[in-house]
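Have a look at the structure below, then the notes.
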There are 2 protein chains.
Amino acid sequence: MTITEEKHEKKDHIIEIAEKLFSELGYDGASTRLIAQDAGVNMAMLNYYFGGKEGLYLAIFEKRIGESKLQLQSLNNEAISSFEKLNKCIENYADKMMANSCFQKIIYREMSLTQRSSVTDKIIQLLSENALEIKKILLDGIANGSFAEVDVDMLIATMFGTKSYLINSSQMASFLIGKDITDPKVREEEVKPRLKDHMKKMFKAYLTKS
Amino acid sequence: MTITEEKHEKKDHIIEIAEKLFSELGYDGASTRLIAQDAGVNMAMLNYYFGGKEGLYLAIFEKRIGESKLQLQSLNNEAISSFEKLNKCIENYADKMMANSCFQKIIYREMSLTQRSSVTDKIIQLLSENALEIKKILLDGIANGSFAEVDVDMLIATMFGTKSYLINSSQMASFLIGKDITDPKVREEEVKPRLKDHMKKMFKAYLTKS
DNA sequence: TATCAATAATCAATCGTTTGATTAATTTTT
DNA sequence: AAAAATTAATCAAACGATTGATTATTGATA
């Protein structure tokens, strides 16, 4: 193991801890002292590595955005039906959402703020790729007669909204379902399959021509 | 005009300004100095009236919760079909959401935090009434054969999620729709009717037995 | 005059950041 | 290979700024 790998491992570890704390406590709520303490490093290291709190915050986005681009496989080129494309999309985003729920929380909380445009631009850039991919699938499906003519934008809002509601309003959702969905096991074994099943069925019912 | 009325008007004005700033900047982002300045009062008056920043924050919830209970008309007693009840629900919450989008932002941002349980309890109590009302309508509709047997909890997540997505992720939604939905005129004349129409049609398609 | 309302000035606490010094690691020189 | 020089990593301490809150004081009202 080389030195640089150790360094990057330490940086990644700090990013990992920071992502968790930011998602739980918010940007202002997660102090640099707490982050450094939980990560087991000296406070000054945050500035040494990332140039400051904001730099650390941005590093989280850089990392996640980089990962996202790697796994973004365009479904539009595959020779499958529109319904199959849609179902694959639903599967993909349900899996993604459960994998990094901390980052999802940060994203949607950040987006709800009016200011802080340096990161919101990145967020919109990140999410818009996914959104436009879905939009294309829906519009193509309508154009080739597979889907009924629905309000595509609102349907995307439903898709993203349902997902983000389960993650960001997890306490309320837990109350509704009657189980603690912040528990990763519950999320994986119950919420995720129920969400997938629900979305597929509802979209199919809504998009099937009558 | 009596003194107490003047005082209450001033208090309400502070609450109004604070609600706007909290929704735009977050709890920590909206400093007491800024709130006092925008409200046109001295900083010490916030503590004088509300006992502190947290007291002012709670006062927003007290006011909104109080208003909410007044206009909570139970649809379950009316002698209309399950579909009509559901449509009325959709209308109600779409109207409500547009009326106080600032408070909605605060609520969902607050709920996404893991801590600060003093207000989250109130939020859950506030939202659960609406959620349970919808849940009852859906379960009744299924029981009397009006609705297909769907995942009720996930459907509620869809209803709340779609709504909160348009409000909390308004920047992303604006990008999708191609218009600035933070503009009240756009929200009222375009987003609201489209949301209502979308929800009604989708729910009908999904809940109608095949 | 006595109570309430409102202000300016000030408080202690916490924030993110920076500093100077020290140790560890790497490179260069002999 | 050994010693010296240089760079990177880490630390405790302290910085200035800002936060929410409080005080002392003044003005208004009844």
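By convention in this document, chain letters (A, B, ...) are assigned in the order of the sequence lines, proteins followed by strands, and residues within each chain are numbered from 1.
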Which salt bridge (Lys or Arg N to Asp or Glu O under 4.0 Å) pairs, counting each pair once, include a residue from residues 169-189 of chain A, with sequence neighbours left out?
A:Lys179-A:Glu190, A:Glu188-A:Lys192
What's the CZ-C1' distance between B:Phe50 and D:dA21, to the nearest Å?
16 Å
Quick one: is A:Tyr49 getting a side-chain N or O under 4.0 Å of the D:dT10 phosphate, OP1 or OP2?
yes
Distance (rounded to the nearest 0.5 Å) between A:Ser164 OG and B:Asn168 CG
8.0 Å
So, using salt bridge (Lys or Arg N to Asp or Glu O under 4.0 Å) as the criterion, who are the partners of B:Asp197 when residues are at least two apart?
B:Lys201
Separation of atom OH in A:Tyr48 from atom P in C:dT23, rounded to whole Å:
17 Å
What's the NZ-P distance between A:Lys10 and D:dA9, to the nearest Å?
10 Å
Round to the nearest Å and state the distance from B:Tyr57 atom OH to D:dG20 atom P.
13 Å
Take atom CG of A:Leu25 and atom P of C:dT14, then tell me their distance rounded to the nearest Å.
16 Å
With sequence neighbours left out, write down each residue that passes ring-ring contact (aromatic ring centres under 6.0 Å, His included) with A:Tyr108, or none if nothing qualifies.
none
Return the value, rounded to whole Å, for the distance between atom CE of B:Met45 and atom C1' of D:dG20.
16 Å
Test ring-ring contact (aromatic ring centres under 6.0 Å, His included) applied to B:Tyr206 - qualifying residues, sequence neighbours left out
A:His198
Starting at atom CD of A:Gln37, determine the distance to atom P of C:dT14, rounded to an integer number of angstrom.
14 Å
Pair listing, side chain to side chain donor-acceptor pair (under 3.5 Å) test, anchored in residues 34-45 of chain A, at least two apart:
none
In whole angstroms, how far is the P atom of D:dT22 from the CG atom of B:Leu46?
12 Å
Can you give me the N/O atom pairs linking the protein to nucleotides 16-18 of chain C at distances under 3.5 Å, or say none if there are none?
unit_1 : atom_1 : unit_2  : atom_2 : d
C:dG16 : OP1    : A:Lys53 : NZ     : 2.3
C:dG16 : OP2    : A:Thr32 : N      : 2.9
C:dG16 : OP2    : A:Thr32 : OG1    : 3.1
C:dG16 : N7     : A:Arg33 : NH1    : 2.8
C:dG16 : O6     : A:Arg33 : NH2    : 2.9
C:dT17 : OP2    : A:Lys53 : N      : 2.7

